[in-house]
Protein chains: 2
Amino acid sequence: MASPIENHAALCERLKSCDVRPTPQREIVLKVILEKRDHPTADEIFARVKSQLPTISLATVYNCLETLVQCGLIRQVNLERAPTRYCPNLHEHAHFHDEQTGRIHDVDLPPELLARLHEVLPSGFRASSVELTFRGSAQPSAN
Amino acid sequence: MASPIENHAALCERLKSCDVRPTPQREIVLKVILEKRDHPTADEIFARVKSQLPTISLATVYNCLETLVQCGLIRQVNLERAPTRYCPNLHEHAHFHDEQTGRIHDVDLPPELLARLHEVLPSGFRASSVELTFRGSAQPSAN
DNA sequence: AGTGAGAATTAGAATAATTCTAATATATAA
DNA sequence: TTATATATTAGAATTATTCTAATTCTCACT
């Protein structure tokens with residue numbers, strides 16, 4: 001049902017393919033993010049990782065997250081002034097921030113719409129990434 | 001050339017029309033934001049305001065900014081983990097964050113594109129606001 | 001014009017996410 | 001195996017922002 005459970009070898013491969021040394025810490029940080037399709041904060045990730053590797057420090061979690069974001073294995077989501085959240089979904093997508101519940105939902109972005117977005121840029125502007133965030137409320141229609 | 005200089009009466013009117021008490025502090029905070037088309041941080045606003053009202057405190061600047069954002073007289077821009085910035089431009093627009101210079105540029109959004117964006121939301125999702133941010137570099141073509 | 005009640009301002013302390021520091025441990029190439 | 005660069009660690013430091021509690025102001029009503 002959920003995303004496939006990444007095993008040790010697969011996780012190492014992912015890291016190595018990005019020229020990142022596969023340390024146990026990085027591996028577990030990546031694993032806990034991939035195995036749940038939510039948007040945890042560094043603190044939440046720290047808690048999840050700690051249950052499997054109790055000696056890890058928060059600073060390491062931050063270091064690992066920075067590395068993983070830099071090499072594109074996870075994404076970073078910044079909403080308002082709230083703590084940074086991390087996102088396993090690498091497809092092009094927007095975020096919907098439900099103001100009632102605080103929950104974050106992924107919203108798929110059709111490629112052609114993404115292309116349209118880039119077209120609004122004045123000449124001379126080249127964007128390497130776009131961030132799109134909706135704020136509002138989601139009816140619990142049939143979730 | 002720049003935006004029209006708001007005088008005392010006009011600024012008061014703006015505030016009153018939002019059911020906000022027109023205090024000298026709010027008036028000057030609003031004024032310094034309106035009179036320059038950039039995206040200052042609270043600290044920068046504090047500095048600008050202080051030269052005209054040296055007794056103002058940073059807490060008041062934060063309070064004023066919160067009030068002005070809430071009543072829609074200015075906008076808030078959150079980029080990455082950087083300090084919140086404030087924006088006098090109330091037209092629908094996106095932000096382009098130049099990674100080289102750190103500068104923020106406003107990018108106009110055609111209303112029909114804005115409408116298209118709302119269409120990607122699954123049924124049951126109602127967005128009250130959209131935030132669109134590009135990150136990249138801007139050629140200094142003919143700025 | 002004077003007054004009272006609620007609202008705004010103030011200085012400084014408190015908070016909280018994140019980054020830094022410097023010492024120790026680990027991974028990998030030679 | 002060993003050297004070297006890289007990663008991890010605990011805790012201190014930083015920094016934007018919020019909170020606190022005392023003071024001052026604004027404005028509706030006399």
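Letters A, B, ... mirror the listed sequences (proteins, then strands); counts begin at 1. Keep in mind that what you see is a predicted model, and the values were worked out from it rather than measured. Atom set for the values below is all heavy atoms of this structure, side chains included, hydrogens, waters and symmetry mates excluded.
- Within residues 76-89 of chain B, the residues that have a heavy atom under 4.0 Å from DNA chain C are, in order of number, R81(B).
- Side-chain N/O atoms of H95(B) and H93(B) include a donor and acceptor closer than 3.5 Å.
- Of the inter-residue distances, the one linking L109(A) atom CG with L114(A) atom CG reads 6.0 Å to the nearest 0.5 angstrom.
- Sequence neighbours left out, the pairs with a member in residues 85-94 of chain B that pass salt bridge (Lys or Arg N to Asp or Glu O under 4.0 Å) are E44(B)-R85(B).
- Each end of the helix from dA1(C)-dT30(D) to dA30(C)-dT1(D) yields a helix axis from five base pairs, and these two axes differ in direction by 30° (to the nearest 10 degrees).
- Among residues two or more places apart in sequence or in another chain, the salt bridge (Lys or Arg N to Asp or Glu O under 4.0 Å) test is passed with D98(A) by none.
- Comparing Q25(B) and A42(A), the nucleotide of DNA chain C nearest to each residue sits closer to the 5' end for Q25(B).
- Contacts of R14(A) classified as salt bridge (Lys or Arg N to Asp or Glu O under 4.0 Å), with partners at least two apart in sequence or in another chain: E6(A).
- Inter-residue side-chain proximity for P83(A) and D43(A) is flagged as unmet; no heavy-atom pair is nearer than 4.5 Å.
- The stretch residues 47-74 of chain B comes close to DNA chain D through L58(B), A59(B), Y62(B), each having a heavy atom under 4.0 Å from the strand.
- Taking the side chain as every heavy atom from C-beta outward, H8(B) and L11(B) never approach each other to under 4.5 Å.
- Residues F125(B) and L113(A) share a single hydrophobic cluster, defined by chaining ILVMFWY side chains whose heavy atoms lie under 4.5 Å apart.
- The salt bridge (Lys or Arg N to Asp or Glu O under 4.0 Å) check on E80(B) picks up R135(B), with sequence neighbours excluded.
- A donor-acceptor contact under 3.5 angstrom links the side chains of N78(B) and R81(A), judged on distance only.
- As rounded to whole Å, 15 Å separates atom P of dA16(C) from atom CD of E44(A).
- For A82(B), there are no side chain to side chain contact (heavy atoms under 4.5 Å, CB included) partners at least two apart in sequence or on another chain.
- From the 5' end on, the contacts that DNA chain D makes with chain B at under 4.0 Å to a non-hydrogen atom open and close at dA16(D) to dC27(D).
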Detail all sub-3.5 Å separations between protein N/O atoms and N/O atoms belonging to nucleotides 26-28 of chain C.
none

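- Of the possible polar contacts, none joining the R37(B) side chain to the N89(B) backbone as a donor-acceptor pair under 3.5 Å is found.
- Separation of the F134(B) and H97(B) ring centroids does not fall under the 6.0 Å cut-off.
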Considering only distance and modelled atom types, tabulate donor-acceptor pairs under 3.5 Å from the side chains of residues 58-73 of chain A, sequence neighbours left out.
residue	atom	partner	partner atom	Å
T60(A)	OG1	S57(A)	OG	3.1
N63(A)	ND2	A59(A)	O	3.4
T67(A)	OG1	N63(A)	O	3.0

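- Counting only residues at least two apart or in different chains, salt bridge (Lys or Arg N to Asp or Glu O under 4.0 Å) contacts with residues 104-114 of chain B comprise R116(A)-E112(B).
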